[in-house]
Number of protein chains: 2
Amino acid sequence: MTKPKEVTIYDLARKLNVSIATVSRALKDDPVVSKKTKKKIFDLAEEMGYRYNHFARNLREQRTYTIGVIVPRLNSYFMSTVIAGIESVANNEGYTLIISQSSESAGKEVDSAKTMFNNRVDGLLVSLAYETDDLSHFDQFKKKNVPLIFFDRVAEYPDCTSVLIDNRRGAYESTSHLIAQGCKRIVHITATPKRNVYVDRLAGYKQALADHHLPFEEKYILINNLSQEAGNQAAAAILQMNPLPDAVFAANDNVAVGCMLALKKAGIRIPQDIAFAGFNNDPVSTVVEPNLTTINYPGYKMGEMAAASLINHLNGVNSIDATNTILLRSELIIRASSLQTKSDSQ
Amino acid sequence: MTKPKEVTIYDLARKLNVSIATVSRALKDDPVVSKKTKKKIFDLAEEMGYRYNHFARNLREQRTYTIGVIVPRLNSYFMSTVIAGIESVANNEGYTLIISQSSESAGKEVDSAKTMFNNRVDGLLVSLAYETDDLSHFDQFKKKNVPLIFFDRVAEYPDCTSVLIDNRRGAYESTSHLIAQGCKRIVHITATPKRNVYVDRLAGYKQALADHHLPFEEKYILINNLSQEAGNQAAAAILQMNPLPDAVFAANDNVAVGCMLALKKAGIRIPQDIAFAGFNNDPVSTVVEPNLTTINYPGYKMGEMAAASLINHLNGVNSIDATNTILLRSELIIRASSLQTKSDSQ
DNA sequence: TGAATCAATGTAACCGATTACATTGTTTTT
DNA sequence: AAAAACAATGTAATCGGTTACATTGATTCA
C-alpha cells in the first residue's frame, strides 16, 4: 500500500557506473557530456521509469518555476479566456500556475497574495478586485524582487508592466457611435471608480460627449457591481428618469443584458426607445434580443502577452525593461441594439 | 539586484541557541516543545521574516501538497463554478492546485496527465474530454497509488470515486415534463455517447418516452459538440423534419439557446410550436427569450465534494473507502420555454 | 535514596537534484 | 618529445526542512 520507491539519478548512475554529475548533466542535455553517454543515460532513464524531481531542483536553485495568478473571478467568459492564454504560454515554458480568486474582495486578495508569497512564486500576474485600495500586500514581492505584472484591472505600482486595452478609446468609440445614431441622453452604467478600466471608460464617455457638444450630466452615471441583477436595478432607476434617456452605454455586457431584459419587460423598445452598447463581447451579447453592440476584448491574447512578458522578465531577456504598458487592440462591434434608432424608422 | 537571502530554521536556531529540531517542531506546533520555547521561536520567526520552505518538506516527505485538476474547458459557467468549489476546500486544507484544460481533446488530456504526473500531484481530479476512449494515461497514477477522483464526466476505473448528479433522473424529469405539457415528438440533442453524462441523459429520455407509451425514434437523436453554433446547425436539421417535432430536450443550455435562436429566426414560435428544455442552468438560460427550462446543476457543491473526498483519502480518513459514487441532488427548473404548449392557448 | 519515569531538547541521516572545482586521458602545438 | 589545451567525467558541498533515536535533567515512586 505504500508508494513504490522513486528512481533517482543515483540509481541511474550506479547502474551505468558513472557519476551523478554526469547523469544530471546528461538529463538536461548539457553539451559537455558525450553523445554516447547521453544516449545510455536517456535509455536507462526511460527503461527504469525515472521522473525528474522538481523539488530537489527548486530547493537547490531557490526558484519554483511557478507563476501565481490572482483574478477577481474565474467564472466569466473573459477571465477564463485570459487564463487559457496564460496557461498555454506558461506550460510551453515549463512553468506551472497557481490560480486564486479574490472574489472582488480586497481582504481575499490580500490572503491570496500571502498564499502566493508563501508558495514562493517566481512571478505574479494580477487583475485587481473592485475594492482594492491599498497595494501594500504586493510590497513583499517587490522586496524579494519577484516580478509583478498587472493585466486588465491595473494599477500604478513601481516597476510594474501592465497589459490592457485602451479603455478610454473603446468607450469613446462606443459613445460616439451612439451619438452618431442620434442619441443625446446617454446613461453610463459602470463600477467603482477605483479601477482604471472604469475610470478610463468614463473618461472616454465624457470626452465623446464633449467632442459632440453634449452636456455631461452626473445623474446619468449609475454605479454598481455590473452583475446581471445590478442591471435589473439600474433599469428601475432609468425608468424613473424624466425625460427617459435614449441610450445606455454599460461597462460590461452582463449588466447591459440585465438592464435590457428589465426594460423590455417594462415595455421599452430597444433600440427604438433606448439604444444599448456594452463592453467585453461576452457570448451573452449574441443571445440577448436585440443582439448587443459591444467592444471586442482580446482576452486570450492578453493572457498570452502577460505571461510571455513575465517569463521574459524571469529569463532576464527583458533587459531594457522599458516596456511599462502593453496596449492591445480592441474593436467596436455594432449589432442591432444600437442601430438606426433615430435616423430611420425600423 | 539578487534576491536577499532567505531566513531558515538554522538562522532561528542559531539566534536562540536551540537545535533546528526544536525549531522545526515548534513551527509545526508539536506539543512536545514547551510553550515558552515555542513563543520565543514564533516571535523570532515573525521578527526575522521567516518563510516556510515547502520544497524542503516536499523533498523530505515525498509529497507535494498539490492537487491536479484536469477539465475539458474552463470557460463555461459550470466549470468555473466547480473550480471555485474545489479551490475553497483545497486552500483551506493547505493544498495548492494545478489546473489544466484538455480542450475536449483526448491528446491534450494525455499531455495534461503527463504534466500532472511529472509534477507529482498527490491526487487528481478529472472531468473527461469528449473524445477520451482509453483511460490508460491514468494507469501511471494507479501504479504509484495516487488517488484519482472523477467528477461530472466520469468513467469506470478501478478504485475510483465519482462525484456526479443523477443524469438519468434529471433527463427523465425533464422529458416527462415536456410530455406532460402535451409534447409527443421530442428531439434530443446530445453529445458523444462516450461520456456517461450523455449516455445517462439519453437513457432517462428513453425511459420517460417508454413510461408514457411514446415511441423512441432514432431520427430524433441529434449528436454534436453542444456549442451554440452546433445548436444553430441542429435547428437546420430540425426544420427538415416532417412532421416538425414539438419539443427539444438538449443536453446543455448552450446548444439549446443556439437552436432556439435559429428556430426563432426561421419563424418557429417557442414554446407554442416547439417547446424547449436544456441542462445546466447556465446564466444564459435566463437571458434567452423565452427563458429556458433547465436542470439546476450544483457545480460549487460538486467541486467541494470532489476535493473534500480526495483530501480525506489523502489523509487516510476515508478508511472504509466504500464510497464509490457520490450523487448530488439536481432539480428541474421550469420556465417559459416549455410551458403550456398544447393544453392552453398562450 | 536509588531506580524508574518523563519532559524537553539535541544529533545526525536523509530527501534528490545542481554545480564549482578537481581529475583524468587524449589531442594539438612547437 | 614535452608542454599546452581540451574533452569527458568525478568529488563533494549545498539547498532547508523532517524525524528516529539519543541525551539530559528533573520528578516521582517504593
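Quick note: numbers below take in every heavy atom, side chains included, and nothing from hydrogens, waters or symmetry partners. Below, chain A is the first sequence line, B the second, and so on; all start at residue 1.
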Is the side chain of B:D152 donor-acceptor paired with the backbone N or O of B:I165 at a distance under 3.5 Å, no angle test? no

Listed by chain and number, what are the salt bridge (charged side-chain N to carboxylate O under 4.0 Å, His left out) partners of A:E131, not counting sequence neighbours? A:K194

Give me the residues of residues 37-51 of chain A where at least one heavy atom lies under 4.0 Å from an atom of DNA chain C, by number, or none. A:Y50, A:R51

Which residues satisfy the side-chain hydrogen bond (donor to acceptor under 3.5 Å, both in side chains) test with B:Y130, sequence neighbours excluded? none

Rounded to whole angstroms, how far apart are CZ on A:F55 and C1' on C:dT18? 17 Å

Does A:S127 have any side-chain hydrogen bond (donor to acceptor under 3.5 Å, both in side chains) partners at least two apart in sequence or in another chain, and if so, which? none

Ring pair (Phe, Tyr, Trp, His ring centres under 6.0 Å) contacts touching residues 82-124 of chain A (sequence neighbours left out): A:Y65-A:Y95, A:F117-A:F141

Touch class at under 4.0 angstrom, heavy-atom based, for B:N17 against every strand present: sugar-phosphate

At a 4.0 Å cut-off to heavy atoms of chain B, the contacted part of DNA chain D spans D:dG16 to D:dC21

Could I get the full list of side-chain contact (heavy atoms from CB on, under 4.5 Å) partners for A:R14, not counting sequence neighbours? A:Y10, A:D11

To the nearest angstrom, the CZ-C1' distance between A:R57 and C:dT18 comes to 11 Å

State which residues pass side-chain contact (heavy atoms from CB on, under 4.5 Å) with B:N92; sequence neighbours excluded, sorted by chain then number. none

Can you check the A:N58 CG to C:dA17 C1' distance for me, whole Å? 10 Å

Going by heavy atoms closer than 4.0 Å, what residues in residues 18-27 of chain B are next to DNA chain C? B:V18, B:S19, B:I20, B:A21, B:T22, B:R25

Residue from A:I98, A:N58, A:D122, A:L97 passing side chain to side chain contact (heavy atoms under 4.5 Å, CB included) with A:T66: A:I98

Of all residues at least two apart in sequence or in a different chain, which pass the salt bridge (charged side-chain N to carboxylate O under 4.0 Å, His left out) check with B:K142? B:D159

Is there any salt bridge (Lys or Arg N to Asp or Glu O under 4.0 Å) pair reaching into residues 32-48 of chain B, and which pairs are they, with sequence neighbours excluded? B:D29-B:K38, B:K39-B:D43

Other residues, nucleotides and ligands only: do more than 12 of their heavy atoms fall within 6.0 Å of NZ on B:K108? yes

Measure the distance from NZ on A:K28 to P on C:dT18 and round it to the nearest whole Å. 4 Å

Verify, without hydrogens or angle tests, whether B:T64 (side chain) and B:R120 (backbone) share a donor-acceptor contact under 3.5 angstrom. yes

Between A:N53 and A:F55 (side chain of the first, backbone of the second, donor and acceptor by atom type, cut-off under 3.5 Å), is there such a pair? yes

Check: C:dA17 base within 3.5 Å donor-acceptor of A:Y10 side chain: yes

Given C:dA17, is OP1 or OP2 found less than 4.0 Å from the side-chain N or O atoms of A:Y65? no

Length of the NZ-P vector between B:K35 and C:dA7, whole Å: 13 Å

Double-helix bend of the helix from C:dT1-D:dA30 to C:dT30-D:dA1, axes at both ends from 5 pairs, round to 10°, gives 40°

